[in-house]
*Asks:* 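Once you've had a glance at the structure underneath, I'll fire off some questions.
We use all heavy atoms of the structure for the numbers below, so side chains are in, but hydrogens, waters and symmetry mates are not. Labels below follow one simple rule: chain letters A, B, ... track the order of the sequence lines, proteins then strands, and each chain is numbered from 1.
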Amino acid sequence: MSDLLNKQFRNNVYDLVAVIPSGRVMTYGQIATICGHPNAARAVGQIAHFGPSDLPWHRVVNKKGIMASGFVPGGKQGQKSLLKDEDIKVVDDIIVNFRELLWQPKILS
DNA sequence: CGAGTGACCGCAA
DNA sequence: ATTGCGGCCACTC
């Protein structure tokens, strides 16, 4: 049972991250909340760390709008480049207009 | 099986 | 406003 729930949570996170459009960012807390675990932001980070690299983790940042990843291929440098490549301006590792770029999905289907 | 870690968040002093 | 602490969840040792 618990295993299934854990798996579901992971699957949810994967799905959500995979749906993040280019030029948009999302916070761990937001993802965790939408997944059904409001305070499982840390878990999202763990899933991101051990999860597949097929997903745009570089669009996932912490509540401060700072790139917490740094673990993505290329390190923070690559991360910043990727974000900039998507019209996301980053200054001092902080996303500009982060509030505006924050993508809020309309409830998981 | 038990304990520790971590790409976090929120609240209290 | 800033700093410190706890709590939650998943994964590894």
*Asks:* Determine, for A:R24 against A:E86, whether the closest basic-nitrogen to carboxylate-oxygen distance falls under 4.0 angstrom.
*Replies:* no
*Asks:* Taking DNA chain B as the partner, which of residues 49-68 of chain A come within under 4.0 angstrom of it by heavy atom?
*Replies:* A:H49, A:W57, A:N62, A:K63, A:A68
*Asks:* Using whole Å, what does the distance between atom C1' of nucleotide B:dA7 and atom CD of A:Q79 come to?
*Replies:* 10 Å
*Asks:* For nucleotides C:dG6 and B:dG4, find the distance between their P atoms and express it as a whole number of Å.
*Replies:* 15 Å
*Asks:* Tell me whether A:Y28 is reachable from A:L82 by hopping between hydrophobic residues (I, L, V, M, F, W, Y) whose side-chain heavy atoms are closer than 4.5 Å.
*Replies:* no
*Asks:* By nearest atom, which of the nucleotides B:dA7, C:dC9, C:dA10 is closest to the A:I47 side chain?
*Replies:* C:dA10
*Asks:* How close or far is atom C1' of C:dC11 from atom CG of A:L5, stated in whole angstroms?
*Replies:* 17 Å
*Asks:* Grab the CD1-P distance between A:I94 and B:dA7 for me, whole Å please.
*Replies:* 18 Å
*Asks:* Under the 3.5 angstrom rule, does the side chain of A:W103 hit a backbone N or O of A:V19 as a donor-acceptor pair?
*Replies:* no
*Asks:* Can you spot which of A:V17, A:I20, A:I47 makes a side chain to side chain contact (heavy atoms under 4.5 Å, CB included) with A:L55?
*Replies:* A:V17
*Asks:* Applying a 4.0 Å non-hydrogen cut-off, can you work out what A:A43 is touching in the nucleic acid: base, sugar-phosphate, or nothing?
*Replies:* base
*Asks:* Within this structure, what is the CD-to-P distance between A:Q46 and C:dC8, rounded to whole angstrom?
*Replies:* 17 Å
*Asks:* A:L16, A:Y14: one ILVMFWY side-chain cluster at the under-4.5 Å cut-off?
*Replies:* yes
*Asks:* For A:R42 and C:dT12, what is the distance between atoms CZ and P respectively, to the nearest whole Å?
*Replies:* 16 Å
*Asks:* A:M67 and A:F71: same hydrophobic cluster, using ILVMFWY side-chain contacts below 4.5 Å?
*Replies:* no
*Asks:* Between atom CG in A:N39 and atom C1' in C:dA10, what is the gap in whole Å?
*Replies:* 13 Å
*Asks:* Quick one: does A:N62's side chain have a donor or acceptor within less than 3.5 Å of a partner on A:I66's backbone?
*Replies:* yes
*Asks:* Side chains of A:V25 and A:V60: does their closest heavy-atom pair fall under 4.5 Å?
*Replies:* no
*Asks:* Whole angstrom is fine here: how far is it from CD1 in A:I31 over to C1' in B:dC9?
*Replies:* 13 Å
*Asks:* Looking only at non-hydrogen atoms, find the nearest pair between A:A32 and A:F9 and report the distance.
*Replies:* O-CE1, 4.4 Å
*Asks:* Near DNA chain C, which residues from residues 23-30 of chain A have a heavy atom under 4.0 Å away?
*Replies:* none
